[in-house]
Colleague: 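Mind looking over this structure? Questions follow.
Since the model is a prediction, treat every value here as computed from it, not as a measurement. For the numbers below, each heavy atom of this structure counts, side chains included, while hydrogens, waters and symmetry mates do not.
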Amino acid sequence: MIKMSIGAAFSETFAFLKANWMQMLMWVGGALVVVGLLGFLFLGSTFTAMAMSPADPSVAFGAIGKIFLFALIASVILYGVCMLIWRGGMHPGEAPNFAWAFQAGPAFAFGMFVVMIAAYIVIFVVMLIFALVFGAALGGMGAMSPDALASGAVGGGAIFVMLLLYVGVLVFMLWIQSRVSVAGPVMADRLTRNPVTGFAESWRITGASQWKIVGFYLLFALGMLAYLFVASLIFGGILGAILGGSAFGAMLTMIVMAALVYLPIMMFSFSMPVGIYRAITPRAAGDVFA
C-alpha cells in the first residue's frame with residue numbers, strides 16, 4: 001500500500017480505459033441487450049395488464065413480484081459483467097470465468113447494499129439527534145419545519161449550521177465510498193467470491209489515501225456535470241434543430257445521448273475503482289495493463 005496522488009489515480013483510470021474500452025463495449029453492450037430483452041419478456045405484459053386494470057390490487061401485487069425478480073436477475077447480469085471487466089482488465093489474456101463472475105458480482109452488490117444501509121442508519125441517527133437538539137433550542141420540533149424556515153423564524157446562524165450538516169452528510173457518503181471503492185477490484189484481482197475479503201481489504205488499503213480518494217471522486221463528479229451540460233447543449237440542440245421535435249427525433253436524440261454521453265461516463269466509472277486500486281497498491285501498473 002502506498003499513498004495515492006489524485007494525478008496517479010486519473011492516470012491509472014485512463015490507462016485501464018484505454019486498454020479495455022473494446023472489452024467494456026462488448027460486455028456492457030451485450031449485457032444491456034440481454035437485460036432489455038428480459039425486461040420486455042418479464043414486464044411487457046405486466047405493464048399492459050396494469051394499464052388495463054388500474055383498480056385491481058392483485059395485478060399490482062403480481063407486478064411487484066415480477067419487477068423484483070427482474071431487478072434481481074438484471075443485477076446478477078450487470079454486476080457479473082462488471083466483475084468480468086475488472087478481472088479481464090487486470091489479468092489480460094485470461095479466459096473469462098463466468099461461473100466466478102456471476103457469483104462474485106451479486107456478492108459484491110449485496111456487500112455494497114449492506115454498507116450503504118449502515119451508512120444511512122448512521123445519517124438517520126445523526127439527523128434525528130440534530131433535529132431534537134436544535135428543535136428544543138429553537139422552541140420545539142415545529143421550529144425546524146419548512147414553514148418556520150420560510151417565515152424567517154429560524155435565524156441565519158441556525159440555517160448555516162443546517163447547511164453545514166447537509167454538506168457533512170455529502171462528505172460522509174463520499175468518505176464511505178472512498179473507503180470501499182476498491183472492494184470490487186480486490187475481489188476480481190484475488191478471484192474471490194467473499195465480499196468480506198473485498199471490503200475489509202479495501203478499508204485497509206485506502207486508509208492512507210482516503211481524503212485524496214474523496215477529492216478524486218469530487219473532481220470526477222464536477223467533470224461529469226460539466227460534460228453532461230456541454231454535451232446536452234451540443235447534441236440535444238443540433239438534433240432538436242434537425243429533427244424538429246418529432247417523436248422519432250426525441251427517440252433518436254435519446255439514443256445518440258446514450259451512446260455519446262452516458263456510455264462514456266459509465267465506462268469511465270467502471271475504470272475508476274481499478275485506477276484507484278492500481279494507484280494505492282505497490283505493483284507496477286504495467287504488469288496489469290500490458
Side-chain angles (χ1 to χ4, degrees), residues 1-35 74-112 115 177-209 213 216-217 220 263-290:
M1 177 181 63
I2 60 177
K3 202 162 187 178
M4 185 195 88
S5 71
I6 294 178
F10 273 109
S11 177
E12 297 289 358
T13 297
F14 281 113
F16 184 85
L17 180 60
K18 180 181 178 182
N20 297 281
W21 67 271
M22 185 64 72
Q23 182 188 38
M24 289 187 193
L25 283 177
M26 180 181 69
W27 288 121
V28 173
L32 291 177
V33 170
V34 171
V35 169
S75 298
V76 170
I77 294 172
L78 293 175
Y79 278 98
V81 163
C82 195
M83 283 294 173
L84 286 172
I85 290 171
W86 287 338
R87 179 68 186 182
M90 289 192 286
H91 297 270
E94 183 179 281
N97 191 333
F98 294 99
W100 162 80
F102 288 102
Q103 295 175 59
F108 169 66
F110 178 74
M112 284 297 297
V115 169
Q177 179 64 33
S178 76
R179 299 307 303 272
V180 300
S181 57
V182 299
V186 167
M187 293 176 66
D189 194 21
R190 300 187 179 186
L191 204 65
T192 179
R193 300 173 179 83
N194 186 357
V196 176
T197 299
F199 284 94
E201 183 65 7
S202 177
W203 196 272
R204 184 185 72 82
I205 65 179
T206 56
S209 307
I213 299 174
F216 177 59
Y217 275 113
F220 168 72
L263 184 58
I265 290 175
M266 185 166 60
M267 291 171 65
F268 193 85
S269 299
F270 279 154
S271 304
M272 286 174 64
V274 179
I276 296 171
Y277 182 54
R278 299 310 309 155
I280 59 178
T281 49
R283 288 177 298 170
D287 296 339
V288 176
F289 303 132

Colleague: Might you point out which heavy atoms bring F102 and V81 nearest each other, and give the distance in Å?
Modeller: CE2-N, 4.2 Å
Colleague: Is there a side-chain contact between R278 and F16 (heavy atoms, below 4.5 Å)?
Modeller: no
Colleague: Please output the side-chain donor-acceptor pairs of residues 179-188 that fall under 3.5 Å, not counting sequence neighbours, one pair per line with the distance.
Modeller:
| residue | atom | partner | partner atom | Å |
| --- | --- | --- | --- | --- |
| R179 | NE | T206 | OG1 | 3.1 |
| R179 | NH1 | Q210 | OE1 | 3.4 |
| R179 | NH2 | W203 | O | 2.4 |
| S181 | OG | S178 | O | 2.8 |

Colleague: To check you understand the geometry: which heavy-atom pair defines the closest contact between M4 and A9, and what is its length?
Modeller: SD-CB, 3.8 Å
Colleague: Taking atom CD1 of I213 and atom CD1 of I280, what is their separation to the nearest 0.5 Å?
Modeller: 5.0 Å
Colleague: I'd like to check the ring pair (Phe, Tyr, Trp, His ring centres under 6.0 Å) partners of F98; sequence neighbours left out, ordered by chain and number.
Modeller: W27
Colleague: Say whether, by atom type as modelled, one donor and one acceptor occur between the side chain of S11 and the main chain of G7 under 3.5 angstrom.
Modeller: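 Judged by distance alone, no pair lies under 3.5 Å.
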Colleague: When you look at R87 and M83, which way does the side-chain contact (heavy atoms from CB on, under 4.5 Å) test go after all the steps?
Modeller: CA-CA 6 Å; R87 179 68 186 182; M83 283 294 173; 6.0 Å; no
Colleague: Assess whether side-chain contact (heavy atoms from CB on, under 4.5 Å) is satisfied between V274 and I85, documenting all intermediate values.
Modeller: CA-CA 10 Å; V274 179; I85 290 171; over 6 Å; no
Colleague: What's the spacing between F10 CZ and S5 OG if we round to 0.5 Å?
Modeller: 10.5 Å
Colleague: With a 4.5 Å cut-off on side-chain heavy atoms, are P273 and W86 touching?
Modeller: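 W86 vs P273: side chains touch.
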Colleague: Tell me whether W100 contacts the main-chain N or O of T192 through its side chain, where contact means a donor paired with an acceptor under 3.5 Å.
Modeller: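 At least one qualifying donor-acceptor pair exists.
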Colleague: Mind checking the CD-CZ spacing from Q177 to F216? Nearest 0.5 Å is all I need.
Modeller: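 It comes to 11.5 Å.
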Colleague: Within the structure provided, determine whether F220 and T13 are in side-chain contact (heavy-atom separation under 4.5 Å).
Modeller: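 No. Closest side-chain heavy atoms not under 4.5 Å.
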Colleague: Among all residues two or more places apart in sequence or in another chain, which pass the salt bridge (charged side-chain N to carboxylate O under 4.0 Å, His left out) test with R193?
Modeller: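 Residues passing salt bridge (charged side-chain N to carboxylate O under 4.0 Å, His left out) with R193: none at all.
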Colleague: Check whether any side-chain heavy atom of F270 sits under 4.5 Å from a side-chain heavy atom of L17, and report yes or no.
Modeller: no
Colleague: Less than 4.5 Å apart, any side-chain heavy atom of E12 and any of I276?
Modeller: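 E12 does not reach I276 side chain to side chain.
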